[in-house]
Amino acid sequence: MRSGPLLPRFTRHSKIAAMPTYNPSETEPKWQSLWDDANVFTADDHSPKPKFYALEMFPYPSGRIHMGHVRNYAMGDVVARYKRARGFEVLHPMGWDAFGMPAENAAIATGGHPKNWTYANIEQMKGPMKRLGFALDWSREFATCDVEYYTEQQRIFLKFWDKGLVYSKTAKVNWDPVDNTVLANEQVIDGKGWRSGAVVEQRDMQQWFYKITEYAEELLKGLDTLDRWPEKVRTMQANWIGKSEGLQMRFEAASDSDADIETFTTRPDTLFGASFIALSSDHPLTKQLAETRPALDAFRAECAKIGTSEEAIALAPKLGIDTGLRVKHPFTGETLPVWVANFVLMGYGTGAVFGCPAHDQRDLDFARKYDLSVTPVVLPDGEDAATYTVENDAYTGEGTLFHSASETIVLNGLSKDEGISAAISKIEEMGLGKGTTQYRLRDWGVSRQRYWGCPIPVIHCDDCGAVPVPEEQLPVELPYDHIDLTIPGNPLDRHPTFKHIDCPKCGNAATRETDTLDTFGDSSWYFARFAGPKGSPFDKAAASAWLPVDQYVGGVEHAVLHLLYSRFFTRGLRDCGLLDLPNGEPFAGLFTQGMVTHATYNIGKDASGKMEWVVPADVTDKDGKLIHMPTGKAVTQGDVIKMSKSKKNTVDPNDIIETYGADVARWFVLSDSPPERDVEWSEDGVRGAWNFQKKVWRIVEATDASEHAPTVLATDAKGDALALRRSAHKALEKLTVGIEAFRFNTSVAQIYELTNALLKYNGQDAARMEALGILIRAIAPFMPHLAEECWEQLGGVGLIATAQWPDVDPAMLIEDEVVMPIQINGKRRAEISVAKDMPKDEIEALAMAEPNIAKTLEGLTIRKVIVVPGRIVNIVAQ
RNA sequence: GCGGGCGUGGCGAAAUGGUAGACGCGACAGACUUAAAAUCUGUUUUCCGCAAGGAAGUGCCGGUUCGAUCCCGGCCGCCCGCACCA
């Protein structure tokens, strides 16, 4: 006899007593409270089981959950529930990435307080999140704007300071001269402030930096160990770090009135092709020259307008101005002109390059425009040195050096790599430079001139300079009173009590730093805090035991910044002795999920010429025409894009939960599309999920649960029962692989197949119950509430949330008979059914005997017969 | 511009060297129903054919292979990233 389930179970003896159809609005809250009562999802720090840390990128508390959240957390939840069923102690926490600009924007718009707005939003979002039934350990919840959290973040800042990972320098910001405030790049639209419309200036400000470049090499090398990260993300990070090996070298002044210029190049082999030197418009020498030359100063202003993004600079037409300065070529002694060019970045290398037009496209475009010489020095294989020229396409590939000889050095005949080594050696020998490694990665500027963030724990003293706040004086708490964001500028800067304080070192009057930390700092260590909140800034032992996160799930938009900063933080924390994580990697497995998209709908442009978008819920199909119900206007369907408020193509998860339930919402976002790809929301798709839910319940309803438990093994099944059993175990095998490989859509397909097999099966025997038991447990990570209800109905013991994953019976995967296609010249002409272990020659004989094969082979000569046992027969004939 | 990815039925897709289109949506036909919904059965890549069967087919061109959606080269198209949104 099996023991009873948690809830009184009502047994059905016949189909006469009408069973109510499955009602998620009743069952879902019921199971959620049972899970809560049993503390099923609370992770045990001291469990003897193997650990599994499942984490989704925590949400910004905007106040509303959206379908993207549902998809993100549903994916993590599948993994978390599956791993629990597989015997792991699972940590699956949730919290809030709660600092940031939207709270300030809301405060600006409504006059409210960012703190009130944020905490109210958290409360508002928690309800729907809980209603979705995720297997989350809510006991570890926190918001990054909690004083307890940012106190510890300030402590980390101080530890980093002690470790030499924090420093300050001046850096450029977008300055809005009307609002007197610093703007984020996204707040700058066409070079103007988003609110004031004033032309934005680039202004230098003293700012704090984290020395991420200290770890450039380790962060790059570490990427090779992240074999459970998408290749794409690793490539993006590697590009971001941008390691390049080359030569830093000085071009010496041609005369006393000229100047030496320090350059960096990755192609010293092309030195003989150099025809000019190009300086960045921000190069110190450029600035100096611009002071006395209005034309150059104007050109600098032109360059600043292009913007700072690499894309903008790369796409802008190449422009320059000759400084009149001349330098000496180190090998030939010839003079080279020094130009200022708009395509040279100050932030990379030395802010100066030598231009070799034949072998660099930018240099070539520039040279053609200003009629500078183009001398090819790398000869592609197969080209004739006497006739080879470069017209409009620079040659950047391999080849043999030519036109590269002087009294100083001869590079002719060398390969590209040999030329690079030889040129570096020579320049080093001449004392003009050194082979070096450059990184594109820059230090992380963390200062934000904003209120709603973690205060930077630093005090500025006229005598002592920048002094870190002594640890015992933490936290530097964000003041709540006297905060008015509707006035331009940073409220902390004008706060009556926050800013002015005595220097902790000398006791004289001093001022607090009024900048707050970049919110990326908040999210760079929250996963450690989840693992153990006790301790400072987190429980070292617990965090070290839980980390790394075994499966992290989130949007690809975080591919570089958040994920790179976190990788830096865990290394910094390790080196400050706060964390035992030898390889420093916070996330062992990463999955980047696609977006939830939806068609957009509009009813044309309004009087001001602005497109009027309408919500999908208001659009109806009337005789094949789309109509906007509130206005009766004709609707035009636009692109299918990511759900966004501005295009109004959103579907509110609350509405879906209310209408169909949490399980259906979860099932839909996991079913059709591969997880890494976008999924298009559709009403039909949701109804499909709804119908599937009902179908499962109908099968359960039609099952006599009085004889067998759902954990039964029908080992003596024969005939149809055996066939069902085979289907069940095959489906189980495939769907398990699907979950492990993050291909939930294929798991769903297997679940459908098994469901269809069960639907067709009439027997009320152990095989039916076994297959159904497998189905229900397989559904559980996807539709946990439905699974619990079915499990209970079938007489399953305990909660399915704590049930073990069913075992695949390997014997059920092996077929005695296999169907083999027979091809002639790669085209399928017949198929035969043979015993699995039939010898090759017998298979061949059978294949030849097939009527259609014999017929097709008539008049042909057989050249070769390929027999791949269990797979295929291919006859090559002419 | 540089870097990366993707391209398969009406649609979402599956198959990563072995029968292309599993599974789902939609559509069509039928059953049940006064009717609709729900449910069930069947058809559904295109073309020829009553059928058996045949031909073409995974963006385009070529290559490797007995065999290519899959591997390689070139092209076309679309998408993403390129440093203060989170």
Side-chain angles (χ1 to χ4, degrees), chain A residues 21 57-60 62 97 99-102 105 171-174 182-188 207 230-236 238-240 242 308-316 318 343 347 361-362 365 440-450 518-520 522-523 555-562 564 671-674 676-680 682-692 694-695 698 734 743 745-753 755-756 759 819-831 852 855 863-866 868 870-877:
Chain A
T21 51
M57 292 178 184
F58 66 162
Y60 180 81
S62 63
D97 188 14
F99 275 137
M101 288 204 315
N105 294 343
K172 279 204 167 59
V173 293
N174 300 310
V182 171
L183 300 178
N185 280 346
E186 71 155 14
Q187 293 173 319
V188 180
Q207 304 196 59
E231 189 66 43
K232 176 184 178 175
V233 174
R234 287 189 285 165
T235 306
M236 283 170 78
N239 289 344
W240 192 266
T308 54
S309 84
E310 255 187 54
E311 181 194 10
I313 289 168
L315 287 171
K318 307 290 172 284
F343 61 89
Q361 193 59 48
R362 293 163 302 185
D365 295 344
R440 203 176 72 103
L441 182 69
R442 303 206 294 259
D443 279 331
W444 174 13
V446 293
S447 294
R448 296 292 181 271
Q449 297 71 26
R450 306 221 169 81
D518 179 6
T519 56
F520 272 120
D522 308 343
S523 53
V556 73
E557 64 272 23
H558 294 292
V560 177
L561 297 186
H562 162 57
L564 190 65
S671 49
D672 283 345
S673 288
E676 70 278 10
R677 242 181 263 182
D678 292 350
V679 62
E680 187 183 347
S682 79
E683 205 57 35
D684 286 331
V686 180
R687 271 203 298 276
W690 170 253
N691 289 339
F692 173 68
K694 286 196 294 186
K695 195 188 272 189
R698 267 200 313 276
K734 288 187 186 167
R743 298 200 322 252
N745 55 321
T746 62
S747 298
V748 164
Q750 291 304 319
I751 289 173
Y752 282 137
E753 294 224 33
T755 305
N756 290 341
L759 214 51
V819 174
M820 289 178 64
I822 303 159
Q823 298 179 332
I824 294 173
N825 296 331
K827 282 196 189 298
R828 191 183 67 94
R829 295 295 170 180
E831 56 184 38
N852 205 39
K855 198 181 94 188
R863 300 267 179 234
K864 198 173 176 185
V865 179
I866 294 115
V868 185
R871 304 226 80 140
I872 204 161
V873 179
N874 192 12
I875 300 163
V876 186

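Predicted model, so just to flag it, every value in this text is computed and none were measured.
A close approach under 4.0 Å does occur between a side-chain nitrogen or oxygen of Arg698(A) and OP1 or OP2 of C40(B). The phosphate of C23(B) (OP1 or OP2) has no side-chain N or O of Asn756(A) nearer than 4.0 angstrom. Side-chain N/O atoms of Ser673(A) include none lying less than 4.0 angstrom from OP1 or OP2 on G12(B).
Taking the salt bridge (Lys or Arg N to Asp or Glu O under 4.0 Å) definition, one finds that Glu753(A) meets it with nothing, sequence neighbours left out. Partners of Arg440(A) under the salt bridge (Lys or Arg N to Asp or Glu O under 4.0 Å) rule, at least two apart in sequence or in another chain, are Glu310(A). Annotation: salt bridge (Lys or Arg N to Asp or Glu O under 4.0 Å) contacts of Asp522(A) (sequence neighbours excluded): none. Evaluation of the side chain to side chain contact (heavy atoms under 4.5 Å, CB included) rule for Ala749(A) yields no partner, not counting sequence neighbours. With sequence neighbours excluded, no residue forms a salt bridge (Lys or Arg N to Asp or Glu O under 4.0 Å) with Glu676(A).
As rounded to whole Å, 17 Å separates atom C1' of G24(B) from atom CZ of Arg743(A). Atom CG of Leu561(A) is separated from atom P of C84(B) by 8 Å (rounded to the nearest Å). Look at CD1 on Ile822(A): it is 14 Å from P on G53(B), rounded to the nearest Å.
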- Message: How would you summarise protein contacts on nucleotides 55-82 of chain B per nucleotide, using B for base, S for sugar-phosphate only and - for none, with heavy-atom distances below 4.0 Å?
- Response: SS---------BS-------------SB

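Taking every heavy atom of both residues into account, Asp678(A) and Ser673(A) meet most closely at O-OG, 3.4 Å. Val873(A) approaches Val865(A) most closely through the heavy-atom pair CG1-CG1, 4.3 Å.
When distances run from any side-chain atom of Arg677(A) to the nucleotides A13(B), U19(B), A38(B), the shortest one goes to A13(B). Closest approach to the Leu315(A) side chain among G1(B), G18(B), C84(B) is made by G1(B) (side chain taken as heavy atoms from C-beta onward). Comparing A15(B), G12(B), C23(B) against the side chain of Asp672(A) picks out G12(B) as the nearest. Of the candidate nucleotides U39(B), A14(B), C23(B), U39(B) has the atom nearest to the side chain of Asn691(A).
A residue-by-residue look at Phe99(A) and Leu441(A) shows that Leu441(A) has its nearest nucleotide of RNA chain B further toward the 5' end. When each of Glu676(A) and Asp97(A) is assigned the nucleotide of RNA chain B bearing its nearest heavy atom, the one mapping closer to the 5' terminus is Glu676(A).
Base engagement by Phe520(A) is indicated by at least one non-hydrogen atom pair under 4.0 Å involving a base atom. Among the protein residues, His562(A) comes within range of no part of the nucleic acid, since none of its heavy atoms lies under 4.0 Å from any strand.
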